[in-house]
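Written out below as structure tokens is the structure these notes cover.
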Amino acid sequence: YQLLLNQDGLGCELEFIPQLPPWVPTPGRGGYMPRPLVWFSQMRWAKGIYFHYSSLIPKAKVKGKLVLPDREVEVKGLGYHEQGRTNARLQNVFTYWCWIRFYSGDWTFIFPLGESPRRTLHAKMRALLIYYRNEPVADIFDPTGLFLNHRVLRREIHPASGREIPVEFTFRARWPGLKLKIDMELFHERESWPFQPFDNPPPLQPVWLQHFMTYQVEINWKGRPIVLKGQGLFENMLTGAI
């Protein structure tokens with residue numbers, strides 16, 4: 001997998017070497033997330049409406065270079081590639097959508113979270129991927145909350161956008177052979193910007209944010225207690241829906 005970009009003297013030439021297979025957090029359906037009717041209650045009879053999410057490269061070795069106006073910089077490290085696609089207005093799909101991922105030694109954690117608007121009963125979507133080295137530990141898609149559950153412990157007003165954002169989470173999972181608790185807290189904003197929907201902008205301006213976070217993971221896996229600590233990335237998209 002290669003990424004080649006060049007615009008106004010800025011660009012990159014990167015090669016991604018996947019370390020894990022692609023992940024699409026749902027059973028069947030050709031690998032794409034099924035369309036929960038409660039998420040699309042006002043258009044559930046409309047044909048062709050979809051919302052797809054896939055982590056095409058959950059973890060990869062990355063090598064190459066960044067191209068700057070006055071020099072080139074060699075880069076080497078870890079990377080990922082994920083994407084979400086929909087032909088519905090974002091405000092009809094969710095009020096917020098989060099991507100969380102981190103690598104802790106031999107462990108890989110990826111889990112998207114979403115909540116639908118009030119008119120669709122604030123339905124929740126949760127998914128979780130865990131690998132230990134190349135061994136899959138958990139691959140769960142759960143809109144029911146029976147196996148995966150998360151709770152926002154604290155929110156703060158984001159100064160640039162005026163929007164309230166979650167800054168402290170706890171996340172729990174139960175799966176055969178696995179019991180998991182993850183505590184996360186955002187501590188530094190990496191970047192953020194407001195974005196405009198294609199039509200009929202909502203009263204609350206949509207905003208996309210990326211933060212650094214701290215995490216502590218407590219795992220009981222096959223009877224083994226494990227504790228992991230470190231830092232990772234937390235991405236949050238607020239659509240303006242309520």
Side-chain angles (χ1 to χ4, degrees), residues 18-39 50-61 78 80-84 93-94 96-116 120-153 166 168-185 213-236:
Q19 305 298 295
L20 295 174
W23 181 52
V24 279
T26 180
R29 299 280 299 190
Y32 281 121
M33 186 180 300
R35 176 165 62 95
L37 293 183
V38 70
W39 279 37
Y50 63 84
F51 177 71
H52 294 171
Y53 170 79
S54 177
S55 182
L56 299 178
I57 304 179
K59 183 178 182 180
K61 291 182 179 179
L78 292 176
Y80 74 98
H81 176 206
E82 61 188 3
Q83 66 180 25
V93 182
F94 52 82
Y96 70 82
W97 174 258
C98 304
W99 303 258
I100 304 120
R101 64 191 168 278
F102 52 85
Y103 310 118
S104 186
D106 293 325
W107 292 83
T108 296
F109 295 85
I110 300 177
F111 42 111
L113 309 172
E115 179 185 83
S116 73
T120 55
L121 307 180
H122 286 317
K124 302 292 193 302
M125 191 290 300
R126 305 173 184 89
L128 173 67
L129 174 70
I130 304 177
Y131 265 84
Y132 175 70
R133 296 177 180 170
N134 291 322
E135 179 181 356
V137 175
D139 181 356
I140 310 170
F141 173 79
D142 180 25
T144 68
L146 297 176
F147 306 107
L148 305 177
N149 197 278
H150 76 283
R151 187 159 58 100
V152 178
L153 303 178
E168 191 174 354
F169 273 84
T170 187
F171 189 89
R172 296 176 183 270
R174 290 181 178 272
W175 199 244
L178 174 72
K179 184 179 179 182
L180 173 74
K181 179 174 181 284
I182 303 176
D183 293 312
M184 301 169 292
E185 185 172 1
M213 67 179 183
T214 59
Y215 64 80
Q216 176 169 313
V217 183
E218 300 173 17
I219 309 173
N220 191 305
W221 180 46
K222 297 180 179 180
R224 296 167 49 198
I226 301 166
V227 176
L228 307 170
K229 296 181 180 181
Q231 298 179 0
L233 283 176
F234 183 100
E235 295 181 74
N236 193 6

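Every heavy atom of this structure was used, including side-chain atoms; hydrogens, water molecules and symmetry mates were not.
A side chain to side chain contact (heavy atoms under 4.5 Å, CB included) with F169 is found for exactly one of I100, L153, L113, namely L113.
Between P112 and Y53, some side-chain heavy-atom pair lies under the 4.5 Å cut-off. By the 4.5 Å heavy-atom criterion applied to side chains, F94 and S116 are not counted as neighbours.
By the 6.0 Å and 45° rule, K59 stacks over the aromatic ring of Y103.
Here the straight-line distance linking atom CD1 of I140 with atom CG of L148 works out to 4.5 Å at 0.5 Å rounding. Atoms CH2 and CG, on W97 and N236 in that order, are 11.5 Å from each other to the nearest 0.5 Å. Taken from CD in E82 to CD1 in I110, the straight-line distance is 6.5 Å, to the nearest 0.5 Å. A distance of 7.0 Å separates CD in E115 from NE2 in H150, rounded to the nearest 0.5 Å. Between the CE atom of M213 and the CD atom of E185 there is a distance of 11.5 Å, given to the nearest 0.5 Å. Distance check, rounded to the nearest 0.5 Å: NZ of K124 to OG1 of T144 gives 12.5 Å.
For an aromatic pair to be called close, the ring centres must be under 6.0 Å apart, and F109 with Y215 fails this.
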Report all side-chain donor-acceptor pairs from residues 171-182 shorter than 3.5 Å, counting only partners two or more places apart or in another chain.
residue: K181; atom: NZ; partner: D183; partner atom: OD1; Å: 3.1
residue: K181; atom: NZ; partner: D183; partner atom: OD2; Å: 2.4

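Contact between F111 and A127 at its shortest, heavy atoms only, is CB-O, 3.0 Å.
D142 has no carboxylate O lying under 4.0 Å from a charged side-chain N of R126, or vice versa, which leaves the two without a salt bridge.
Ring pair Y132/W107 is tilted by interplanar angle, where 30° to 60° counts as tilted.
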